[in-house]
Student: 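Pasting a structure below so you can have a look.
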Amino acid sequence: RIDISMRHVLRDAAIAELDARLIDVAIVPLDEIPARFVHKVVLEDDFVIVSRAGHPFAEAPTLDHYCGMKHLVVSTTGEPRAPIDDLLAREGRSRRVAQTVPNFMLALALLAETDLIAALPRGLLAMYGARFGLIGTPAPIPPRQFQLRAVVPRVAMMDAGVAWLFTLLGRVV
């Protein structure tokens, strides 16, 4: 008998919104969590290069081919950079980000209908790839692992409902 309201919170604003008690739980990709919070990993994943079935990149997934493709980046702020750009820069490389979108579902729909490619979580592809006719190709540059953490202010754990939800997140996600 609980109601859950979900909304998008920017990673940098999540801690401030938790402190202000505007939200009870944040699920965010943060590595550094202040001590005034409790947190747990609810998802660990890595990235694969996602494209429509039959895309030419899958036939020759080299670094040169990768850098020559048009890329899509999921970015809630519209920023066309992602951690993979830092990896490419260390190799003296870059790529062309032709499109940014604010969420993963829109990314999947666009990848299915275009020649864009994107580095997306492997688990997302496993869940929705067949529905959109998408395939995954190993990245030609080692992808980074990432974690999503459920984060709650320690003081909020005195609320039995918040504590229950936090515990449940660790079991179902």
Side-chain angles (χ1 to χ4, degrees), residues 3-33 37 39-55 57-58 66-89 93-152 165-166 169 172-173:
D3 298 321
I4 295 178
S5 175
M6 297 175 77
R7 66 183 178 89
H8 182 81
V9 177
L10 294 177
R11 175 188 350 206
D12 297 337
I15 296 298
E17 292 204 19
L18 286 165
D19 278 335
R21 297 300 307 263
L22 297 172
I23 57 176
D24 292 314
V25 179
I27 299 177
V28 289
L30 291 176
D31 295 324
E32 301 292 324
I33 310 291
F37 298 96
H39 58 92
K40 68 171 74 175
V41 174
V42 295
L43 175 72
E44 291 184 89
D45 207 346
D46 67 349
F47 293 92
V48 294
I49 307 307
V50 178
S51 63
R52 64 172 172 74
H55 193 285
F57 176 73
Y66 177 81
C67 292
M69 294 279 108
K70 293 179 187 173
H71 295 256
L72 178 144
V73 169
V74 177
S75 170
T76 55
T77 63
E79 173 66 35
R81 286 191 56 80
I84 202 161
D85 292 299
D86 296 330
L87 294 173
L88 289 171
R93 305 292 196 108
S94 64
R95 65 184 179 148
R96 176 179 172 217
V97 175
Q99 175 126 31
T100 61
V101 295
N103 62 62
F104 287 114
M105 294 310 284
L106 183 54
L108 295 173
L110 285 171
L111 291 170
E113 301 294 329
T114 68
D115 279 336
L116 297 169
I117 64 172
L120 297 179
R122 184 181 304 275
L124 180 74
L125 178 65
M127 288 174 61
Y128 298 106
R131 182 178 298 164
F132 286 92
L134 299 171
I135 60 168
T137 306
I141 193 164
R144 71 177 180 90
Q145 298 274 324
F146 72 93
Q147 297 178 328
L148 288 180
R149 297 176 189 276
V151 182
V152 175
L165 180 60
F166 184 75
L169 283 171
V172 260
V173 176

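Keep in mind that this is a model prediction, so the values were computed, not measured.
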Student: For a 4.5 angstrom cut-off between non-hydrogen side-chain atoms, does H55 reach L111?
Tutor: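 A side-chain contact under 4.5 Å is absent here.
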Student: Between R149 (side chain only) and L30 (backbone N and O only), is there a donor and an acceptor less than 3.5 Å apart?
Tutor: yes
Student: Which class fits the ring pair F47 and F146: parallel under 30°, tilted 30 to 60°, perpendicular over 60°?
Tutor: tilted
Student: Could you pull out the closest heavy-atom pair between V42 and A150, with the gap in Å?
Tutor: CG1-CB, 3.8 Å
Student: Over all heavy atoms of both residues, which pair between P80 and D85 is shortest? Give the atoms and the distance, please.
Tutor: O-OD2, 3.9 Å
Student: Would D115 and R52 satisfy side-chain contact (heavy atoms from CB on, under 4.5 Å), going step by step from the backbone distance to the final call?
Tutor: CA-CA 7 Å; D115 279 336; R52 64 172 172 74; 2.5 Å; yes
Student: Taking all atoms of both residues into account, what is the closest heavy-atom pair of L125 and I135, and its distance?
Tutor: CD2-C, 3.8 Å
Student: Please assess D24 against L165 for the test side-chain contact (heavy atoms from CB on, under 4.5 Å), listing each intermediate value before the final yes or no.
Tutor: CA-CA 10 Å; D24 292 314; L165 180 60; 6.0 Å; no
Student: According to salt bridge (Lys or Arg N to Asp or Glu O under 4.0 Å), who are the partners of D86, at least two apart in sequence or on a separate chain?
Tutor: R81
Student: Is there a side-chain contact (heavy atoms from CB on, under 4.5 Å) between H39 and V41 once you walk through the steps?
Tutor: CA-CA 7 Å; H39 58 92; V41 174; over 6 Å; no
Student: Could you go step by step and tell me if Y66 and I84 meet the side-chain contact (heavy atoms from CB on, under 4.5 Å) rule?
Tutor: CA-CA 12 Å; Y66 177 81; I84 202 161; 3.2 Å; yes
Student: Side-chain contact, heavy-atom cut-off 4.5 Å: P142 with L87?
Tutor: no
Student: Any idea which heavy atoms bring L106 and N103 closest together, and the distance?
Tutor: N-OD1, 2.8 Å
Student: To check you understand the geometry: which heavy-atom pair defines the closest contact between A139 and I49, and what is its length?
Tutor: CA-CG1, 3.7 Å
Student: Are the side chain of K40 and the backbone N or O of L169 linked by a donor-acceptor pair below 3.5 Å?
Tutor: no
Student: Any side-chain heavy atom of R7 within less than 4.5 Å of one from L22?
Tutor: yes
